[in-house]
Amino acid sequence: MIDVRDIKTRYDEIAKNIKDRYMNVDLEKIAADMDRRSALLSQTEALRARRNETASKMKGKIDPETRQALIEEGKAIKEELAAKEAELSAIDQVFQEEVRTIPNYYSPEAPIGKEDKDNLAIKFFGEPTRFPFKAKDHVQLGEDLDILDFESGAKVSGQKFYYIKNKGVILQMALERYAMDIVLKHGFTPFITPDIAKEEILQGIGFNPRGAESNIYTIEGTGTCLVGTAEITLGGYYSGEILDKKDLPIRMTGLSHCFRREAGGAGQYSKGLYRVHQFSKLEMFIYCLPEESDAFHKEILSIEEEIFQGLGIPYRIVDTATGDLGAPAYRKFDIEAWMPGRGDEGEYGEVTSTSNCTDYQARSLNIRYRDDDGKLKFVHMLNGTAMALSRAVVAVMENYQEEDGSIRIPEALVPYCGFDRIERK
RNA sequence: GGAGAGAUGUCCGAGUGGUCGAAGGAGCCGGACUCGAAAUCCGGUGUAGUGCUCUGCAUUACCGAGGGUUCGAAUCCCUCUCUCUCCGCCA
């Protein structure tokens, strides 16, 4: 969340931010509720002050008559206070929820635009892979090679679930370990995180676990949810804590399963492994000083590039437009890998995403550090995909396919796989 | 899953209705001593709001979370969460 005082001091900026992000937030109402809330708060506090004053008059020995009078006065205050507190708590609850709908500020460098097609391609690596034959998509390849089974996934678990089989399993594990080794080389501490997290943590990270459009599976009656990414569990790791400045930056990388409802996410571009209800992902996460977050954001992006360059997969980087940033992000870069089987003649498809969320998540989760001036300040928090296994598998399979339907293993993965191709039995 | 114990500031830890925002210690900051450092000694040191006559003063809240009792709650009661010990079960 943003600093609530900004609603007063940076009103126009917030209004412009909401507009440029194409979001629906009624800022006028929020500001009005804020005024009502502070009026009630000061009335409540005045009453509490009177209550405390009355109570403290009774500390020592006093004559019974005075005592009785004070008790009567205290009782009256108590009643009045209870009514005022009820009123305050009602408006406060509304206000707190409203504040959370205000998005983070966006970077002055982020492109302004409504949706993903307004994202700005800022770099290309490699040439899109072309074949002298008609490229197959990973669904076809996977079924022919007996390494992906969507039919059984649908039968047992529902649509958009899948089984990975045979050498496909080894390929996924190889990708996982390959990415992990690169990330570790850059000083990240490895974690395997819980796949379930509390709603308050989800909310602190900026996910909305409720509502029809929510992408989150909630576990009924427990107050917990299946995580959609290890960003949630890595970002929650230090919630409520005060970090030592000399420990910053903290670099973490976490492997988790990721669960997403993907309601209404069907269609040709969501085919196969590209958009599924469950996948594994290795995520990078950094807690750092505010003045360092831009630099660390670029560092995460360069590690993501290193991972895909090492696999020899062509990609482009896009600078995400304001309307597509998501509420917590100040700036976001996606890597889109070339996927020869996507669309008619191949398309770029998102494989990583890295966001600088500045202090937006830290404020909700209350993660601070003590600065040299002795003051507590919010850290900046950044996340980025090291490797989303399902989509990386798509990219490898489709870029490394052969005319006979077999798949070569990228050189960098051969030591991790122990074989150099997957072919039909 | 059953039984018991516990959760207090940056950390450790005392406190069982009003004199408690909270003893003591550690840490940190400042100072003394020192050529300098260590040791020692002295002083200071919570967070988040709000108001004002704004390098300060006043005030509210916060002792795991949420409710309750009371004129008054860190302290009493209830619910929940988490931690520890023992038993059971188990990959």
Passes side-chain hydrogen bond (donor to acceptor under 3.5 Å, both in side chains), A:Ser353 versus A:Asp334? Steps please. CA-CA 4 Å; A:Ser353 181; A:Asp334 290 353; 2.8 Å; yes
So which protein N/O to nucleotides 7-13 of chain B N/O distances come out below 3.5 Å?
none

Duplex segments of RNA chain B, taken as runs of at least three Watson-Crick or G-U pairs that stay under 3.5 Å: B:1-7 with B:81-87, B:10-12 with B:24-26, B:27-32 with B:40-45, B:46-52 with B:56-62, B:64-68 with B:76-80
CD (A:Glu299) and OG1 (A:Thr354) are apart, to the nearest 0.5 Å, by 10.0 Å
Under a 3.5 Å threshold, yes or no: a donor from one side chain and an acceptor from the other, between [X] and [Y]?
X: A:Glu115; Y: A:Tyr22; result: no
X: A:Thr193; Y: A:Thr233; result: yes
X: A:Tyr274; Y: A:His138; result: no

Under 6.0 Å from the six-membered ring centre of A:Tyr106 and within 45° of its axis: does the NZ or CZ of A:Arg331 meet both? no
Side chain to side chain donor-acceptor pair (under 3.5 Å): which pairs involve residues 182-192 of chain A, sequence neighbours left out? A:Lys185-A:Glu306, A:His186-A:Glu306
Strand-adjacent residues in residues 36-51 of chain A, judged by heavy atoms under 4.0 Å from RNA chain B: A:Glu45, A:Arg48, A:Ala49, A:Arg51
Atom CE of residue position A:Met34 - does it have more than 12 heavy atoms of other residues, nucleotides or ligands inside 6.0 Å? yes
Check the surroundings of atom CD in A:Glu28: do more than 12 heavy atoms from other residues, nucleotides or ligands lie under 6.0 Å from it? no
Looking at every strand, decide which applies to A:Lys75 at a 4.0 Å heavy-atom threshold: base, sugar-phosphate, or nothing. sugar-phosphate
Given B:G72, is OP1 or OP2 found less than 4.0 Å from the side-chain N or O atoms of A:Asn52? no
Residue-phosphate contact under 4.0 Å: A:Lys78 side-chain N/O, B:G72 OP1/OP2: yes
Side-chain atoms of A:Arg5 come closest, of B:C71, B:U81, B:G49, to B:G49
Write down the distance between [atom1] ([X]) and [atom2] ([N]), rounded to a whole number of angstrom.
X: A:Lys57; N: B:C71; atom1: NZ; atom2: C1'; answer: 12 Å
X: A:Lys377; N: B:U47; atom1: NZ; atom2: C1'; answer: 16 Å
X: A:Arg363; N: B:A48; atom1: CZ; atom2: P; answer: 12 Å
X: A:Glu53; N: B:U59; atom1: CD; atom2: C1'; answer: 11 Å
X: A:Ile196; N: B:U81; atom1: CD1; atom2: P; answer: 15 Å
X: A:Gln96; N: B:G66; atom1: CD; atom2: P; answer: 13 Å

Angle between ring planes, A:Tyr217 versus A:Phe259, binned at 30° and 60°: parallel, tilted or perpendicular? perpendicular
Could you check whether the rings of A:Tyr178 and A:Tyr416 sit parallel, tilted or perpendicular, using 30° and 60° as the cut-offs? perpendicular
Apply side chain to side chain contact (heavy atoms under 4.5 Å, CB included) to A:Ser364 and list each qualifying residue two or more places apart in sequence or on a separate chain. A:Met1, A:Arg100
Mind running side-chain hydrogen bond (donor to acceptor under 3.5 Å, both in side chains) on A:Glu231 and A:Gln361 for me, showing each step along the way? CA-CA 11 Å; A:Glu231 175 193 350; A:Gln361 298 172 324; 2.9 Å; yes
Listing time: all N or O pairs from protein to nucleotides 17-19 of chain B that are below 3.5 Å?
residue: B:G18; atom: N2; partner: A:Ala55; partner atom: O; Å: 2.9

Option passing side-chain contact (heavy atoms from CB on, under 4.5 Å) with A:Arg260 (candidates A:Leu226, A:Thr229, A:Val276): A:Thr229
